[in-house]
Amino acid sequence: VQTSSSEPFKPQRVMVIGGDGYCGWATALHLSKKGYEVAIVDNLIRRLFDHQLGLDSLTPISSIQNRISCWKSLTGKSIELYIGDICDFEFLTETFKSFEPDAVVHFGEQRSAPYSMIDRPRAVYTQQNNVIGTLNVLFAIKEFREQCHLVKLGTMGEYGTPNIDIEEGYITITHNGRTDTLPYPKQASSFYHLSKVHDSHNIAFTCKAWGIRATDLNQGVVYGVRTDETAMHEELYNRFDYDGIFGTALNRFCVQAAVGHPLTVYGKGGQTRGYLDIRDTVQCVELAIANPANPGEFRVFNQFTEQYSVNQLAALVTNAGRKLGLNVETITVPNPRVEAEEHYYNAKHTKLVELGLKPHLLSDSLLDSLLNFAIQYKDRVDKKQIMPSVSWRKIGVKPKTVTA
Ligand code: NAD
Ligand code: USQ
C-alpha cells in the first residue's frame, strides 16, 4: 500500500472479518493490544443461528457494541465496527474504502460441519456464504487495495485423512519420470469442509492471475476460551460452544465432564485431528500478518500444535476431571458422521514455528482451568443440546427444525 517496492511492507491496519465470533473476537483484541489499528466486520449471523436453533454459548456474551466500548474504556484503544454481510459487495466496498486495510483476516464464514449437513438449504447456504464471501474479499483487494495481504482461515479438514504424511499445502510428486510440486490433494468430508477447499482454489487462482498476496491458515480444532485480553473483563468474555452443532471436541468434553454427562466419543474414537489452544490461534494470526506473503504468493500454513485422537482427548479429560473430584464416564455414540474411525495421521506443522510460534501445549493446568471454567457456568448448560442431532447419512432435503 503506501510503500515503494524497496521498502519492507509493514501492515498497520487490520480488518478482522468475523470479528464477533470465537476466533475473531479473541484475535481482534489481541491485535488491538499489539498496536494494530483494527476494524471488525461481521453480520452477526452466528448470533442468529444460535437463536434459530435454540442454542447458547456456555458463557454469557455481551453485544459487539458493548464489547468494543468496554475494550475502549479499559485500554483507551478504539476498534472500528462495520456491521454487514461480506456477500454484499457494495457493503464490502464501503468498508474497504473507509478503513483501507493493509491486511484482512477472514474468519467470517459458516464454520460448523454439522450445520452444513442439516439439510439442503443449510448446505447451500454454507457454500454460498463461504465461497462468495471469500470471492468478494478477493475482488475488493484487487479493486481497492492490491497490496493488502489476505490471511484466510482454512481448515486441516481440507486434507481429510490420507494414508500418507500431510504436507503444508504442497507436495512434490514424481510421476512417470517427471517431477512437480503440486497442491496437496484435498479430501474434505462435509459440505462445510468442502467450502474451504473451494475457497483455497479461488485464492490460489487469484494469487496467480492478479498477484494477490495470501496466506491460507489450515487451522486444526481450537480449544480453550480465555486469552489475556478476553479475561480482562466479563464484558469481553468469549463465546464457548458446547452443543452438538457448534461445539467442538475438547471444549465439549470439558462441559460434559462438568455437568456429569458422559463424554460423547463418536464411533471407535480413533479419529485423529490437529488441535490448538485459542491463545495460539491469536499468536499464529499475528505472526502471519507481521510476516506477509509476497505479492502473487499463495502461502499455506498448517495451524495446529498437537495431534490427538478423540479417545485420547476423552482419556485426558477423564483424568483431569477425576483429580477435581468429578465422576467422568465415556459412552460410544453411533457416529453421526461419515469419517474414518481408525486411520494413519501425521501432519506437518513447522512453518508457523519457524516464524516464531511458541505453542501453549495441552497441559494438566489448562485442562484444570477449562474444567473449572465449565463448572463455574454449569447452571447455564442445556443438557438437551449435548447429543448430536445431525446425521451425515440422513441429510434432509427440506428445511426443518433440528430435533432437540
Ligand atoms: P464463529 O461462528 O464463532 O465466528 C464466525 C463469525 O463470522 C461470526 O461472528 C459470524 O457472524 C461471522 N460471519 C459469518 N458469515 C459472515 C458474512 N457473510 N459476513 C460477515 N460476517 C460473517 O466461528 P469461529 O469458530 O470463530 O471460526 C472462525 C473461522 O476459523 C472460520 O472460518 C472457521 O472455519 C475457522 N476455523 C475454526 C476452528 C474452530 O475450532 N473454531 C478451527 C479451524 C478453523
Ligand atoms: N467428535 C466426537 N465427539 C464429539 C464431537 C466430535 O467424537 O462430541 C469427533 C468428530 O466425529 C470428529 C472430531 O471429533 O472426528 C472433530 O470434530 P469437531 O466437531 O471437534 O471438529 P470439526 O467438525 O472437524 O470442526 C471444527 C470446527 C471447524 C474447523 C475444524 C478444524 O468447527 O470450523 O474447520 O474443527 S479440522 O477438524 O481440523 O478440520
Side-chain angles (χ1 to χ4, degrees), residues 16-27 40-50 57 64 82-88 91-92 95 105-117 125-126 128-130 132-134 136-137 152-161 188-190 192-193 195-196 199 217-223 238-239 241-253 256 263-276 278 281 285 302-304 307-311 313-314 332-333 335-341 347 386-388 392:
V16 182
I17 303 175
D20 186 46
Y22 172 58
C23 299
W25 174 238
T27 303
I40 286 178
V41 176
D42 203 300
N43 63 351
L44 312 183
I45 189 84
R46 184 50 219 286
R47 291 179 187 247
L48 181 65
F49 297 153
D50 287 358
S57 160
I64 184 66
Y82 299 89
I83 303 283
D85 186 340
I86 60 163
C87 293
D88 171 354
F91 162 75
L92 190 61
T95 66
V105 192
H106 180 15
F107 294 101
E109 298 200 330
Q110 192 304 95
R111 69 106 177 125
S112 156
Y115 186 93
S116 76
M117 302 299 290
Y125 166 78
T126 300
Q128 203 161 350
N129 184 59
N130 296 2
I132 294 180
T134 297
N136 278 347
V137 173
K152 165 67 172 45
L153 271 291
T155 180
M156 285 301 292
E158 291 182 43
Y159 301 119
T161 53
S189 60
S190 74
Y192 154 70
H193 287 99
S195 74
K196 297 285 192 183
D199 283 342
L217 296 173
N218 283 339
Q219 187 169 239
V221 188
V222 183
Y223 60 79
N238 206 343
R239 64 179 311 124
D241 301 309
Y242 65 88
D243 59 271
I245 293 179
F246 284 97
T248 49
L250 183 62
N251 281 358
R252 264 166 72 68
F253 288 173
Q256 292 167 359
L263 309 189
T264 53
V265 169
Y266 297 167
K268 292 182 183 149
Q271 302 94 303
T272 303
R273 302 286 183 268
Y275 287 82
L276 75 162
I278 190 159
T281 295
V285 172
N302 291 348
Q303 180 167 313
F304 71 95
Q307 294 185 182
Y308 292 103
S309 70
V310 177
N311 284 331
L313 290 182
T332 298
V333 176
N335 200 335
R337 307 184 183 199
V338 176
E339 59 184 357
E341 294 175 2
I386 289 180
M387 290 301 278
W392 265 227

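We count ligands from 1, going down the list as the structure has it; atoms in each ligand are counted the same way. Because the structure is predicted, anything quoted here is derived from the model rather than measured. Nothing fancy with the numbering, it's 1 onward along the sequence.
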- Message: When you compare the side chain of Ile86 with that of His106, does any pair of heavy atoms fall below 4.5 Å?
- Response: yes
- Task: Run the numbers for me: atoms of ligand 2, each under 4.0 Å from some heavy atom of Gly220, listed by number.
- Result: 31 (C), 38 (O)
- What atoms in ligand 2 come closer than 4.0 Å to a heavy atom of His193? 24 (O), 39 (O)
- Would you check the N or O atoms of Gly154, main chain and side chain alike, for any that come under 3.5 Å of an N or O of ligand 1? no
- Is there any N or O on Ala249 that sits under 3.5 Å from an N or O of ligand 2? yes
- Item | Arg252 side chain to Asp243 backbone, donor-acceptor under 3.5 Å | yes
- Which of the atoms in ligand 2, numbered in the order shown and given with their element, are less than 4.0 Å from a heavy-atom of Gly157? 36 (S), 38 (O), 39 (O)
- Query: Taking N or O atoms only and a 3.5 Å limit, does Ile45 qualify as a polar contact for ligand 1?
  - Reply: yes
- Query: Between the main-chain N or O of Tyr192 and the side-chain N or O of Ser116, is there a donor-acceptor pair closer than 3.5 Å?
  - Reply: yes
- So which bit of Gln271 gets within less than 4.0 Å of ligand 2, heavy atoms only: side chain, backbone, both or neither? side chain
- Task: Answer yes or no: is there a side-chain heavy-atom contact under 4.5 Å between Val16 and Val285?
- Result: no
- Message: Counting only heavy atoms, tell me which of Gln219, Gln110, Arg46, His106 gets closest to atom 44 (C) of ligand 1.
- Response: Gln219
- Message: Yes or no: does Tyr192 have any heavy atom under 4.0 Å from an atom of ligand 2?
- Response: yes
- Query: Relative to the heavy atoms of Asp85, which atoms of ligand 1 are at a distance of less than 4.0 Å?
  - Reply: 17 (C), 18 (N), 19 (N)
- If you measure only the distance, is there a donor-acceptor pair under 3.5 Å linking the side chains of Tyr22 and Asp241? no
- Going by the order shown, which atoms of ligand 2 are within less than 4.0 Å of some heavy atom of Arg273? 15 (O), 37 (O)
- Checking heavy-atom distances from atom 5 (C) of ligand 2 to each of Tyr242, Tyr266, Tyr159, the winner is Tyr266
- Please report which non-hydrogen protein atom sits nearest to atom 19 (O) of ligand 2, along with the residue it belongs to and the distance in Å to one decimal place. Arg337 NH2, 3.0 Å
- Query: Quick one: nearest non-hydrogen protein atom to atom 3 (O) of ligand 1, plus distance?
  - Reply: Tyr22 N, 2.9 Å
- Message: Tell me whether Ala113 has any N or O atom under 3.5 angstrom from an N or O of ligand 2.
- Response: no
- Item | Contact check: Ile86 vs ligand 1, nitrogen or oxygen atoms, below 3.5 angstrom | yes
- Message: Within the 4.0 Å heavy-atom shell around Arg252, which atoms of ligand 2 are there?
- Response: 4 (C), 5 (C), 8 (O)
- atom 29 (C) of ligand 1 has as its nearest protein heavy atom Phe107 O, 3.4 Å
- Quick one: which of Met387, Glu339, Lys196 has a heavy atom closest to atom 10 (C) of ligand 2? Glu339
- Message: I'd like to check whether Cys23 has a polar contact with ligand 1, where a contact means an N/O of the residue lying under 3.5 Å from an N/O of the ligand.
- Response: yes
- Check each atom of ligand 1 against the heavy atoms of Gly18 and keep those under 4.0 Å away; list them by number with element. 6 (C), 7 (O), 12 (C)
- Message: I want to know if ligand 2 touches Tyr275 in the polar sense, i.e. an N/O pair below 3.5 angstrom.
- Response: no
- shortest atom 38 (O) of ligand 2-to-protein heavy-atom contact is with Met156 CB, 3.2 Å
- Hey, is Glu158 one of the residues with a heavy atom under 4.0 angstrom from ligand 2? no
- Item | Those atoms of ligand 2 less than 4.0 Å from some heavy atom in Gln219 | 31 (C), 38 (O)
- Check whether NZ of the Lys or CZ of the Arg Arg46 lies under 6.0 Å from the centre of the six-membered ring of Phe246 and within 45 degrees of that ring's axis. yes
- Return yes or no for this condition: an N or O of Ser112 is under 3.5 Å from an N or O of ligand 2. no
- Message: So, taking the atom named CZ in Arg111 and the one named CG in Asn130, what distance separates them when rounded to the nearest 0.5 Å?
- Response: 12.0 Å
- Please identify which atoms of ligand 1 are closer than 4.0 Å to at least one heavy atom of Leu44. 11 (O)
- Item | Option whose closest heavy atom lies nearest to atom 32 (O) of ligand 1, chosen from Arg239, Lys152, Lys196 | Lys196
- Going by the order shown, which atoms of ligand 2 are within less than 4.0 Å of some heavy atom of Thr264? 2 (C), 3 (N), 4 (C), 7 (O), 8 (O)
- Less than 3.5 Å between some nitrogen or oxygen of Asp42 and one of ligand 1, yes or no? yes
- Look only at interatomic distance and state if Gly220 has a nitrogen or oxygen under 3.5 Å from any nitrogen or oxygen of ligand 1. no
- Message: Could you tell me if Thr134 and Glu109 have a donor-acceptor pair between their side chains, going purely by distance under 3.5 Å?
- Response: yes
- Near Gly84, which atoms of ligand 1 are under 4.0 Å from a heavy atom of that residue? 19 (N), 20 (C)
- Under-4.0 Å heavy-atom contact with ligand 1, by part of Tyr192 that carries it: side chain
- Task: Decide whether an N or O pair under 3.5 Å exists between Thr155 and ligand 2.
- Result: yes
- Message: Can you report which non-hydrogen protein atom sits closest to atom 21 (O) of ligand 2, along with the distance?
- Response: Val221 CG2, 4.0 Å
- Can you check whether Phe107 reaches Asp42 side chain to side chain, under 4.5 Å on heavy atoms? no
- Query: With a 4.5 Å limit on heavy-atom distance, are the side chains of Phe91 and Asn43 in contact?
  - Reply: no
- Message: Tell me whether the rings of Tyr275 and Tyr223 are parallel (<30°), tilted (30 to 60°) or perpendicular (>60°).
- Response: tilted
- Query: Between Gln256 and ligand 2, is there a nitrogen or oxygen pair with a distance under 3.5 Å?
  - Reply: no
- Message: Check this for me - ligand 2, Thr248, N or O atoms closer than 3.5 angstrom, yes or no?
- Response: no
- Item | Thr155, any N or O under 3.5 Å of ligand 1 N or O | no
- Query: Would Thr264 and Gln256 count as having a side-chain donor-acceptor pair, cut-off 3.5 Å?
  - Reply: yes
- Note on the structure: of all protein heavy atoms, closest to atom 33 (O) of ligand 2 is Arg111 O, 2.7 Å
- Backbone or side chain, does any N or O of Asn129 fall under 3.5 Å from an N or O of ligand 1? yes
- Query: Quick one: does Gln271's side chain have a donor or acceptor within less than 3.5 Å of a partner on Val310's backbone?
  - Reply: no
- So which heavy atom in the protein is nearest atom 14 (O) of ligand 2, and how far is it from that ligand atom? Val310 CG2, 3.5 Å
- Please state which part of Arg47 comes within less than 4.0 Å of ligand 1, counting heavy atoms only: side chain, backbone, both or neither. neither
- Can an N or O of Thr248 be found at a distance shorter than 3.5 Å from an N or O of ligand 1? no
- Query: Which residue holds the protein heavy atom closest to atom 4 (O) of ligand 1, what is that atom called, and what is the gap in Å?
  - Reply: Gly21 CA, 3.3 Å
- Item | Side-chain heavy atoms of Cys23 within contact of Leu153, under 4.5 Å | no
- With heavy atoms of Asn43 as the reference, note each atom of ligand 1 found under 4.0 Å away. 11 (O), 13 (N), 16 (C), 17 (C), 18 (N), 19 (N), 20 (C), 21 (N), 22 (C)
- Item | Residue and atom name of the nearest protein heavy atom (relative to atom 33 (C) of ligand 1), distance in Å to one decimal | Arg111 CB, 3.4 Å
- Query: Considering distance alone, does some N or O of Val41 sit under 3.5 Å from an N or O of ligand 1?
  - Reply: no
- Taking heavy atoms and a distance under 4.0 Å, where does Asp241 meet ligand 1: side chain, backbone, both or neither? neither
